[in-house]
Q: 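Below is a structure I'd like to ask you about.
Keep in mind it's a predicted model, so treat the numbers as computed, not measured. Order of the sequence lines fixes the chain letters, A, B, ..., with proteins taken first and strands second; residue numbering starts at 1 for each chain.
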Protein chains: 2
Amino acid sequence: MTAQLELVETFAALGDPVRQLIVERLAEGDATVNELAALFPISLQAVSRHIKVLEAAGVVSRSRVAQSRPVHLEAASLIRTADWLEAHRLRLESRYERLDAVLEELKES
Amino acid sequence: MTAQLELVETFAALGDPVRQLIVERLAEGDATVNELAALFPISLQAVSRHIKVLEAAGVVSRSRVAQSRPVHLEAASLIRTADWLEAHRLRLESRYERLDAVLEELKES
DNA sequence: AACTTATTCAACCAAAAGGTAGAATAAGGT
DNA sequence: ACCTTATTCTACCTTTTGGTTGAATAAGTT
């Protein structure tokens, strides 16, 4: 999967209220599917699928501990995503600084 | 619209390949619907709707210049979104620092 | 081996998303 | 007034998404 595609997938993964709350919970620490499902008024299976979406996007990873499959939030994906936003914000703002400079010059002349 | 909802909407808005490319283009400067539509192999109407989604999420804003409705990327929404990611990354990592500290203590004893 | 716990798979359904094309609206130019 | 340009609205269609339930799998306990 290319970096660009993964980024789109990451945004899409975070663009669902249930998944966004799952991520917020996981920022506090790893959790099992059961624990996460307890937070929502939907079935365990539905939550399991949400986690699958997050995993496919690289937002979370999973391991095995006895019967459980603890879900772990991946900092790297958060960083990559924030970096993309930051890069575009900077490009946008530097453009405006240039524009401001031009306007300033015009004012002076 | 609450901040939380807007954030979900923003992620969802960026979670589409066409819209993500629109944002990348807009980081270079404002553009009209026509100009943006020229970048994609889909109809003008489809692009117009993508822009509407971005606008509803607060990612872009629009003005009027003659018949055109130039689309402008909103830095504030990029910042809010990046901030959310950053905050959760930090919470996640500070947790691991604490864990590392605990492991370090155990090693010493 | 049988039972319990944790999670996933599969089939199904309704709603939402993303595309199309044609008609309508808005603003400028002749 | 009329014509052109830019954009949006509407109706429609297909695919994807998010939910459900019941059955299956995986691992641990008795």
Q: Which whole-number value in Å describes the distance from B/Leu14 CG to C/dG18 P?
A: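 Nearest whole value for this atom pair: 12 Å.
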Q: Taking side chain as C-beta onward, heavy atoms only, is A/Leu39 less than 4.5 Å from A/Leu21?
A: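 Side-chain contact under 4.5 Å: no.
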Q: Just do the side-chain contact (heavy atoms from CB on, under 4.5 Å) check on B/Leu85 and A/Leu14 with the steps written out, would you?
A: CA-CA 10 Å; B/Leu85 289 164; A/Leu14 297 173; 3.9 Å; yes
Q: OP1 or OP2 of C/dT7 versus the side-chain N and O atoms of A/Asn34: is any pair under 4.0 Å?
A: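 Yes, within the criterion.
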Q: Tell me the interatomic distance from B/Leu36, atom CG, to D/dA6, atom P, rounded to whole angstroms.
A: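 After rounding, the gap between these two atoms is 13 Å.
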Q: Please give, in whole Å, the distance from C/dT7 C1' to A/Ile22 CD1?
A: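 These atoms are roughly 14 Å apart.
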Q: B/Arg89 side chain to A/Ile79 main-chain N or O, any donor-acceptor pair under 3.5 Å?
A: no
Q: Quick one: is A/Arg19 getting a side-chain N or O under 4.0 Å of the D/dG18 phosphate, OP1 or OP2?
A: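 Indeed, a polar side-chain atom of A/Arg19 lies that close.
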Q: If you check the B/Val33 side chain, which of D/dT7, C/dG18, C/dT8 turns out closest?
A: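 Looking only at heavy atoms from C-beta outward on B/Val33, the closest nucleotide is D/dT7.
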Q: Would a distance-only check, ignoring hydrogens and angles, find a side-chain to backbone donor-acceptor pair under 3.5 Å from A/Arg19 to A/Ala13?
A: yes
Q: Between A/Arg62 (side chain) and A/Val71 (backbone), is there a donor-acceptor pair under 3.5 Å?
A: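 No; judged by distance alone, with no hydrogens or angles, the pair does not exist.
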Q: Can you tell me how far P of D/dT7 sits from CD of B/Glu35, to the nearest Å?
A: 8 Å
Q: Could you identify which residues of residues 40-52 of chain B place a heavy atom less than 4.0 Å from some atom of DNA chain C, listed by residue number, or say none?
A: B/Ile42, B/Ser43, B/Gln45, B/Ala46, B/Arg49, B/His50
Q: Do B/Lys52 and B/Glu55 meet the salt-bridge criterion of a basic N to acidic O distance under 4.0 Å?
A: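 Salt bridge absent between B/Glu55 and B/Lys52.
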Q: Mind checking salt bridge (Lys or Arg N to Asp or Glu O under 4.0 Å) for A/Glu35 and listing every partner two or more places apart, or none if nothing turns up?
A: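 Testing A/Glu35 for salt bridge (Lys or Arg N to Asp or Glu O under 4.0 Å), a comparison that skips the adjacent residues, returns none.
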Q: So how far is it from B/Leu54 CG to B/Ser77 OG, rounded to the nearest 0.5 Å?
A: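 Going from CG on B/Leu54 over to OG on B/Ser77, the span is 9.0 Å.
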Q: Does anything in residues 66-73 of chain A reach DNA chain D, meaning a heavy atom under 4.0 Å, and if so which residues?
A: A/Ala66, A/Gln67
